[in-house]
Amino acid sequence: GESVGLHLPTLSVQEGDNSIINCAYSNSASDYFIWYKQESGKGPQFIIDIRSNMDKRQGQRVTVLLNKTVKHLSLQIAATQPGDSAVYFCAENRGSQGNLIFGKGTKLSVKP
Amino acid sequence: NAGVTQTPKFRILKIGQSMTLQCTQDMNHNYMYWYRQDPGMGLKLIYYSVGAGITDKGEVPNGYNVSRSTTEDFPLRLELAAPSQTSVYFCASSYSRTSGTSQYFGPGTRLLVL
């Protein structure tokens, strides 16, 4: 069935390294994608988004890449810090319905 | 702004009991949502509302009810709690429902049904 999923459920990186979190989506009609960060015991927090007419968008220390050919989304975090430790979710908006579909999440652990 | 607030933070229910999870937002958003998050899983949409007086089912509405009498409040009602409803519940809001609009989430309510 259609789904938004993640290639890696857990990711452990050294402080200062760059992190890459991946996400696959299956619905070519999806036109908007969001990355959320969820710290333990808290609600998801918006990080960055991208529309389907773009292939790259940069924020502060974060970059989202969208490859529509292979239906793949990635979140890159530069100079990963301990405060980046969290679960990261990708979500897609499937056009006119307006409801977000969430992936399962990737847990990022940053080692000092 | 407080954003999206939820109460209670944590609750234990016995099977068959009922309760209401409260959600309030102060951003004047028309759109509000209820999700549940099971361990190790993504968020599943329970119900959503596009404005006061208008609600609609999401992906997993069975066992829940909602109402939207004001723009600010969107309570979620569990009438006959079941162990399968043990989960973390998140309320969210957005100013638009069209593509390109992010949702803002509350801190969650952790519910345990025994």
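So you know, we letter chains A, B, ... as the sequences are listed, proteins then strands, and number each from 1. If you're wondering where the values come from, they're calculated on a predicted model, not measured in any experiment.
The shortest non-hydrogen separation linking Gln38(A) to Phe90(B) is NE2-CZ, 3.2 Å. Residues Ile34(A) and Ser102(B) share a closest heavy-atom pair of CD1-CA, 3.9 Å.
For Lys68(A), the NZ atom counts as densely surrounded, since its 6.0 Å shell holds more than 12 non-hydrogen atoms of other residues, nucleotides or ligands. In this structure, Gln60(A) places its CD atom where only 12 or fewer heavy-atom neighbours from other residues, nucleotides or ligands lie under 6.0 Å away.
Gln37(B) touches chain A through its side chain: at least one heavy atom from C-beta onward sits under 4.5 Å away, while N, CA, C and O do not. Of the two parts of Leu45(B), only the side chain, counted from C-beta on, holds a non-hydrogen atom closer than 4.5 Å to a non-hydrogen atom of chain A.
Residues satisfying the side-chain contact (heavy atoms from CB on, under 4.5 Å) test with Glu39(A), not counting sequence neighbours, are Lys37(A), Lys42(A), Gln45(A), Ala86(A). Lys111(A) meets the salt bridge (charged side-chain N to carboxylate O under 4.0 Å, His left out) test with no other residue; sequence neighbours excluded. Taking the salt bridge (charged side-chain N to carboxylate O under 4.0 Å, His left out) definition, one finds that Asp38(B) meets it with Arg36(B), sequence neighbours left out.
Cluster annotation: Tyr31(B) and Phe74(B) are assigned to distinct hydrophobic clusters (Ile/Leu/Val/Met/Phe/Trp/Tyr, side-chain heavy-atom contacts under 4.5 Å, transitive). No continuous path of ILVMFWY side-chain contacts below 4.5 Å connects Met19(B) to Val88(B), so the two sit in separate hydrophobic clusters. Taken together through direct or relayed side-chain contacts under 4.5 Å among Ile, Leu, Val, Met, Phe, Trp and Tyr, Leu11(A) and Leu65(A) form parts of separate hydrophobic clusters. Connection of Phe46(A) to Val87(A) is established within a shared hydrophobic cluster, with ILVMFWY side chains joined at heavy-atom distances below 4.5 Å, either directly or through further cluster members.
When the heavy atoms of residues 104-114 of chain B are compared with those of chain A, the residues falling under 4.5 Å are Phe105(B), Gly106(B), Pro107(B), listed by number.
Put simply, of Gly43(A), Ser52(A), Pro44(A), the one with the most heavy-atom pairs under 4.5 Å next to chain B is Pro44(A).
Under the 4.5 Å side-chain criterion, counting only non-hydrogen atoms from C-beta, Leu100(A) is not in contact with Tyr33(B).
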